[in-house]
Amino acid sequence: MIINRKELARAKVKELQNGYSAFAETKEVADLIKKEIEKLKLDVDEDVTDVGSWFIPKK
């Protein structure tokens, strides 16, 4: 199965917009999420770990 990274990032940004946290396993997907966050001016914390990045919406 082929996974489109841009579609994956967009789906995770939708989760953030709905108030849920999102996890990116790769730097590439995390970078795409960050671009969308900046574009939409979302207020989000990023927690970078050894296995990936968590994006947590601020309330």
Side-chain angles (χ1 to χ4, degrees):
M1 180 168 100
I2 298 173
I3 298 173
N4 184 326
R5 289 173 186 83
K6 287 183 181 179
E7 286 181 25
L8 181 61
R10 282 190 210 112
K12 292 185 182 283
V13 170
K14 283 230 183 259
E15 290 178 26
L16 292 169
Q17 289 176 308
N18 290 326
Y20 296 102
S21 298
F23 182 72
E25 294 177 342
T26 66
K27 183 179 179 334
E28 183 180 2
V29 173
D31 289 343
L32 290 169
I33 292 171
K34 286 183 218 178
K35 283 182 186 179
E36 286 294 314
I37 287 170
E38 288 176 20
K39 194 184 312 180
L40 297 170
K41 298 184 187 328
L42 298 176
D43 196 12
V44 176
D45 282 328
E46 180 184 8
D47 184 16
V48 180
T49 69
D50 293 340
V51 294
S53 297
W54 279 100
F55 295 91
I56 305 155
K58 294 181 183 177
K59 301 225 174 184

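Hydrogens, waters and symmetry mates play no part in the numbers below; they use all other heavy atoms, side chains included.
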Self-check item: With Val29, the side-chain contact (heavy atoms from CB on, under 4.5 Å) member among Lys34, Lys6, Arg5
Solution: Arg5

Listing, residues 10-20 side-chain donor-acceptor contacts under 3.5 Å, not counting sequence neighbours, or none:
{"from": "Lys12", "atom 1": "NZ", "to": "Phe23", "atom 2": "O", "distance (Å)": "2.8"}
{"from": "Asn18", "atom 1": "ND2", "to": "Lys14", "atom 2": "O", "distance (Å)": "3.2"}

Self-check item: ILVMFWY cluster, Trp54 and Leu32 together (side-chain gap under 4.5 Å)
Solution: no

Quiz prompt | Gap separating the CD1 atom of Ile33 from the OG1 atom of Thr26, nearest 0.5 angstrom | solution = 8.0 Å

Practice problem: Any chance you could measure Thr49, atom OG1, to Asp47, atom CG, to the nearest 0.5 Å? | Solution: 6.5 Å

Quiz item: In terms of hydrophobic clustering (I, L, V, M, F, W, Y; side-chain heavy atoms under 4.5 Å; direct or indirect links), are Val51 and Val48 co-clustered?
Solution: no

Exercise. May I ask you to say whether Lys27 pairs ionically with Asp31, meaning some side-chain N is under 4.0 Å from a carboxylate O?
Key: yes

Quiz item: Which atoms form the tightest heavy-atom contact between Ala24 and Phe55, and what is the distance?
Solution: CB-CE1, 4.1 Å

Quiz item: Within a radius of less than 6.0 Å around CD of Glu25, do more than 12 heavy atoms belonging to other residues, nucleotides or ligands occur?
Solution: no

Quiz item: Where do Lys35 and Glu38 land on the salt bridge (charged side-chain N to carboxylate O under 4.0 Å, His left out) test, with the steps shown first?
Solution: CA-CA 5 Å; Lys35 283 182 186 179; Glu38 288 176 20; over 6 Å; no

Exercise. Quick one: pull up CG in Asp43 and CD1 in Ile56 and give me the separation to the nearest 0.5 Å.
Key: 12.0 Å

